[in-house]
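Predicted model, so just to flag it, every value in this text is computed and none were measured. As a basis for the values below, the full set of heavy atoms in this structure was taken, side chains included, without hydrogen atoms, waters or symmetry mates.
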Amino acid sequence: MTKKLVSRPNLDHLRQQAKALLADLRNGNASAISIFREHLPAATKMLDTEILNTTFRLADAQFAIARKTGFGSWPKLTAHVETLRALEGTWAFESLEVAGQHVSKEMLSTSRILIDGDRFRSKSAGSIYEGIFVIDVEPRIHTIDIQFVEGPEAGNTNFGIFKLDADQLDICLDIYGKDRPKKFATVAGTGLAYESLIRQTTDRPSDVTGETASRSVDTNCSVPKEEDFSYADSETMRRIQGDWNGVKLVSDGSAVPKSMVTTGKRNANQNRIVVRFGGQTMIDALFRIDESKTPIEVDYLHVSGGMKGKVQFGVLSWEGNALIVNMAAPGRPRPTDFQSRAGSMQTVSHWQFQG
């Protein structure tokens, strides 16, 4: 049965709906009669007068509301909503295993998942993801479908399983959107990822939207294609070339710890840029610049990895010999300055030339 709950469902609101439905029935409301007939088995074959003359209770109205929203019973609806409430807050990574390989603690130190109702925002060094998720707590092993609407994975859905024990949350999923895992483990050569999370706070995060409707699209920017990128010699392009070391990184308003930043490596070879942190490739893209604009504009067209085919718009500048770049998340408008503010989905990076 398809679930038809509103986003960020609230159990108190659902209880009020049931009370209002019962009151409407007792007042002879035609819509209430229809809801009881359609969703309450005992009333399925009753005439309007029979439904009105039957003494239905609040429990019957709650059952009808549960069925109307796609659940088999009120307790099942309650369990679903209570689980969503229990998931809310900010979560840090205790561990992450991908295809049998453990991701280093250093790589995970700044990663966070923020959950508000059935909306989430995931932050890691240089990458921000936002979307919605659908859970099913009726099976013995609970399931979760993660739908990305913002960031590098926008438009993709991952199918997974999860278990929640107070402030410990474990999720196992297929990062390529293939079959749902059957157990909490990963195997080499697959796209399975197993993450263990520890809750940092139960406070509802304030900047989680999870909706494309909240996005401000830069309609003035045409989407570049690979053939639009070629190396165009200029003073700035020559200056960008070579190897650079990370000095500072601020992602969506949060400063990344120095221990992580110093693992940052940036290489530009003509119109190809590769950025790595902790040995992991974060960006592999073609780039172009427009020196006629102030600040100088830069476009990335990702050619590999999870962001392949996606475009980012940014700006760059110099502070002495240091290169400063502010990039928006894919699908977001170009930044106009070098401040990464909370909720902006922008990443400001500072680089020192290595040689």
Side-chain angles (χ1 to χ4, degrees), residues 2-3 5 76 79-125 127-202 205 208 210 277-282 305-308:
T2 302
K3 306 298 188 292
L5 280 173
K76 290 179 179 180
H80 177 92
V81 175
E82 287 180 341
T83 301
L84 286 178
R85 295 277 80 79
L87 286 168
E88 285 185 336
T90 299
W91 299 83
F93 281 77
E94 182 179 42
S95 64
L96 174 62
E97 180 182 309
V98 181
Q101 299 294 316
H102 288 278
V103 178
S104 69
K105 292 277 189 181
E106 188 174 51
M107 285 293 293
L108 299 174
S109 62
T110 60
S111 297
R112 298 290 184 272
I113 297 179
L114 293 74
I115 299 177
D116 180 9
D118 56 355
R119 301 292 190 257
F120 75 90
R121 186 177 222 178
S122 177
K123 300 180 179 182
S124 60
S127 296
I128 303 167
Y129 309 82
E130 196 159 4
I132 65 175
F133 61 90
V134 179
I135 62 172
D136 188 347
V137 299
E138 294 184 25
R140 182 180 63 84
I141 299 180
H142 301 339
T143 66
I144 182 168
D145 299 344
I146 300 172
Q147 303 169 13
F148 296 94
V149 297
E150 295 273 13
E153 294 293 326
N156 296 333
T157 299
N158 292 163
F159 303 102
I161 55 177
F162 77 98
K163 54 185 176 182
L164 175 65
D165 183 8
D167 293 329
Q168 174 84 34
L169 173 61
D170 291 344
I171 302 174
C172 189
L173 50 82
D174 191 309
I175 60 176
Y176 297 129
K178 296 183 179 179
D179 295 339
R180 192 186 309 279
K182 294 180 172 56
K183 58 183 179 180
F184 293 90
T186 76
V187 181
T190 68
L192 298 181
Y194 178 22
E195 53 195 48
S196 291
L197 305 162
I198 299 294
R199 194 197 310 268
Q200 289 189 311
T201 173
T202 58
V208 175
F277 281 92
Q280 180 179 352
T281 300
M282 309 300 291
M307 291 195 287
K308 184 176 181 179

As an exercise, state the distance from OH of Tyr129 to NZ of Lys123, rounded to the nearest 0.5 Å.
14.0 Å
Contact list for residues 189-202, test side-chain hydrogen bond (donor to acceptor under 3.5 Å, both in side chains), sequence neighbours left out
Arg112-Gln200, Asp167-Arg199, Asp170-Tyr194, Asp170-Ser196, Thr201-Asp203
In Å, rounded to the nearest 0.5 Å, how long is the span from CG of Leu169 to NZ of Lys163?
10.5 Å
Nearest heavy-atom pair of Leu192 and Thr186: which atoms, and what distance?
O-CG2, 3.6 Å
Write down the atom of Ala185, the atom of Cys172, and the distance for their closest heavy-atom approach.
O-SG, 3.6 Å
Could you check whether any side-chain heavy atom of Ile144 comes within less than 4.5 Å of a side-chain heavy atom of Leu173, counting everything from C-beta outward?
no
List in chain and number order the residues that pass side-chain hydrogen bond (donor to acceptor under 3.5 Å, both in side chains) with Thr143, two or more places apart in sequence or in another chain; answer none if no residue qualifies.
none
Any idea which heavy atoms bring Ile135 and His80 closest together, and the distance?
O-CE1, 3.2 Å
Please list, chain by chain and in numerical order, all residues satisfying side chain to side chain contact (heavy atoms under 4.5 Å, CB included) with Ala86, sequence neighbours excluded.
Leu164
Contacts of Lys105 that satisfy salt bridge (Lys or Arg N to Asp or Glu O under 4.0 Å) - sequence neighbours left out:
none
Closest heavy-atom pair and its distance - Ala99, Gly189
CB-N, 4.2 Å
Could you note down all residue pairs passing salt bridge (Lys or Arg N to Asp or Glu O under 4.0 Å) where residues 85-98 supplies at least one of them, sequence neighbours left out?
Arg85-Glu88, Glu88-Arg204
Ile175 side, atom CD1; Asn158 side, atom CG - distance, nearest 0.5 Å
7.5 Å
Using a 4.5 Å cut-off on heavy atoms from C-beta on, say whether the side chain of Glu130 contacts that of Val208.
yes
Note: Leu84 and Gly117 closest approach over all heavy atoms is CD2-O, 4.1 Å
Distance col, row Ile161:CD1 vs Asp174:CG, nearest 0.5 angstrom, shows 11.5 Å
Could you tell me the separation between the CD1 atom of Ile146 and the CD1 atom of Ile171, rounded to the nearest 0.5 Å?
5.5 Å
For Ile113 and Leu197, which heavy atoms make the closest approach, and how far apart are they?
CD1-CD1, 3.9 Å
I need the full list of ring pair (Phe, Tyr, Trp, His ring centres under 6.0 Å) pairs touching residues 159-179, with sequence neighbours left out, sorted by first then second residue.
His142-Phe162
Do any pairs count as a salt bridge (Lys or Arg N to Asp or Glu O under 4.0 Å) and have a residue in residues 175-191, sequence neighbours left out, and if so which ones?
Asp145-Arg180
Residue pairs involving residues 83-119 (criterion ring pair (Phe, Tyr, Trp, His ring centres under 6.0 Å); sequence neighbours excluded)
none
Is there a side-chain contact between Leu87 and Phe120 (heavy atoms, below 4.5 Å)?
no
